[in-house]
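Quantities reported herein were computed from a predicted structural model and do not represent experimental measurements.
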Amino acid sequence: MNQEISTMTSDFPAVFRLSPLIRITLLSLYVALTVPLPFLAEVTAAPVDPRMLWVGLGLGAVALYGALTERVILDDQGIQVTYAQWVPRFFRSGWSLPWAEVKELKPRTTGQGGLVYYFLSESGKGFLLPMRVAGFAKLVKLVEAKTGIDTRDVRPLAQPWMYLILLGCTLLLLLMDVWTISTAIAHNSP
């Protein structure tokens, strides 16, 4: 076991980014849910200008993409959650926690019945363990190597198959969007 831990600590610094499956699924779902809105606003003569909807949708896409730039950095000093430099701090500020400050990893039940984990610092402050990163199992092992906390029971909140199902439903929704948009365009044609 000590051999494994010393080998793992040589992996520092380690950077974990959001899983590509999660990123693609969430961006696709955003597109599927929002792109038909300006077309429908034009066809129904809604009081909202479709150009304003396009601007809002563009801003929303940038905000979502910014949130999806989350990355987790582990080094010899601690763990840190950061976002791309262009993401404003008031939108997503991130956090950092030195290994010496980590008191324990505490499970908490979500409102939907899932289980998330929080790092508790010596001061009692909680920091959510990022669970949607690619390489989550390695991240957890590195945390165990640096803190000595038993992480055998720590599992990601959502399994990849859940995002694959959501991606499949999103692709079906995108097909409906194509039909909706083509119908809206045909309705507006003279």
Side-chain angles (χ1 to χ4, degrees), residues 4-5 7-9 11-33 60-171:
E4 182 182 329
I5 289 175
T7 304
M8 294 201 73
T9 56
D11 292 337
F12 291 121
V15 177
F16 299 88
R17 298 185 189 285
L18 211 60
S19 165
L21 174 61
I22 293 172
R23 190 175 308 153
I24 289 167
T25 300
L26 295 177
L27 287 169
S28 299
L29 184 60
Y30 179 81
V31 168
L33 292 174
V62 169
L64 176 60
Y65 187 79
L68 296 176
T69 65
E70 176 182 281
R71 63 178 181 226
V72 182
I73 303 170
L74 281 70
D75 58 23
D76 288 327
Q77 286 72 45
I79 182 171
Q80 178 180 0
V81 174
T82 64
Y83 295 88
Q85 289 183 342
W86 59 267
V87 177
R89 283 218 179 280
F90 68 84
F91 181 65
R92 289 295 221 185
S93 61
W95 55 267
S96 66
L97 181 64
W99 296 123
E101 286 289 311
V102 177
K103 182 177 173 184
E104 64 181 310
L105 197 56
K106 194 93 167 152
R108 294 277 188 248
T109 306
T110 66
Q112 294 80 30
L115 197 60
V116 295
Y117 294 85
Y118 283 87
F119 288 107
L120 286 184
S121 68
E122 291 294 335
S123 65
K125 192 171 179 185
F127 299 88
L128 181 64
L129 172 68
M131 302 178 88
R132 297 179 301 180
V133 296
F136 179 75
K138 183 178 179 182
L139 177 134
V140 169
K141 287 296 177 194
L142 289 171
V143 166
E144 182 174 1
K146 287 309 271 184
T147 63
I149 296 171
D150 182 11
T151 60
R152 280 182 294 197
D153 296 330
V154 177
R155 304 270 185 270
L157 179 62
Q159 298 299 320
W161 62 266
M162 295 176 184
Y163 280 97
L164 284 171
I165 289 172
L166 182 58
L167 182 59
C169 292
T170 300
L171 292 174

Main chain of I79, side chain of W95: is a donor-acceptor contact present, judged purely on distance under 3.5 Å?
no
Within this structure, what is the CE-CG distance for the pair M162 and L167, rounded to the nearest 0.5 Å?
15.5 Å
Sub-3.5 Å donor-acceptor pair from the side chain of R71 to the main-chain atoms of V15, do we have one?
no
With side chain to side chain contact (heavy atoms under 4.5 Å, CB included) as the test, would you mind laying out the steps for T69 and W86 before giving the verdict?
CA-CA 10 Å; T69 65; W86 59 267; 4.2 Å; yes
Closest non-hydrogen atom pair between E122 and V102, with its separation
OE2-O, 4.3 Å
Filter on side-chain hydrogen bond (donor to acceptor under 3.5 Å, both in side chains), then keep only pairs touching residues 148-157, sequence neighbours left out; what's left?
E144-T151, D150-R152
N/O donor-acceptor pair under 3.5 Å between T170 side chain and S28 backbone
no
Could you report the tightest heavy-atom contact between D76 and W99, atom names first, then the distance?
O-CD1, 3.2 Å
As a test of understanding, state which of K138, E70, R132 forms a side chain to side chain contact (heavy atoms under 4.5 Å, CB included) with F16.
K138
Taken to the nearest 0.5 Å, the spacing of L97 CG from K103 NZ works out to 13.0 Å
Nearest 0.5 Å, what's the CD1-OG1 distance between I73 and T82?
4.0 Å
Using the rule side chain to side chain contact (heavy atoms under 4.5 Å, CB included), only one of V154, V116, V72 pairs with L129; which is it?
V154
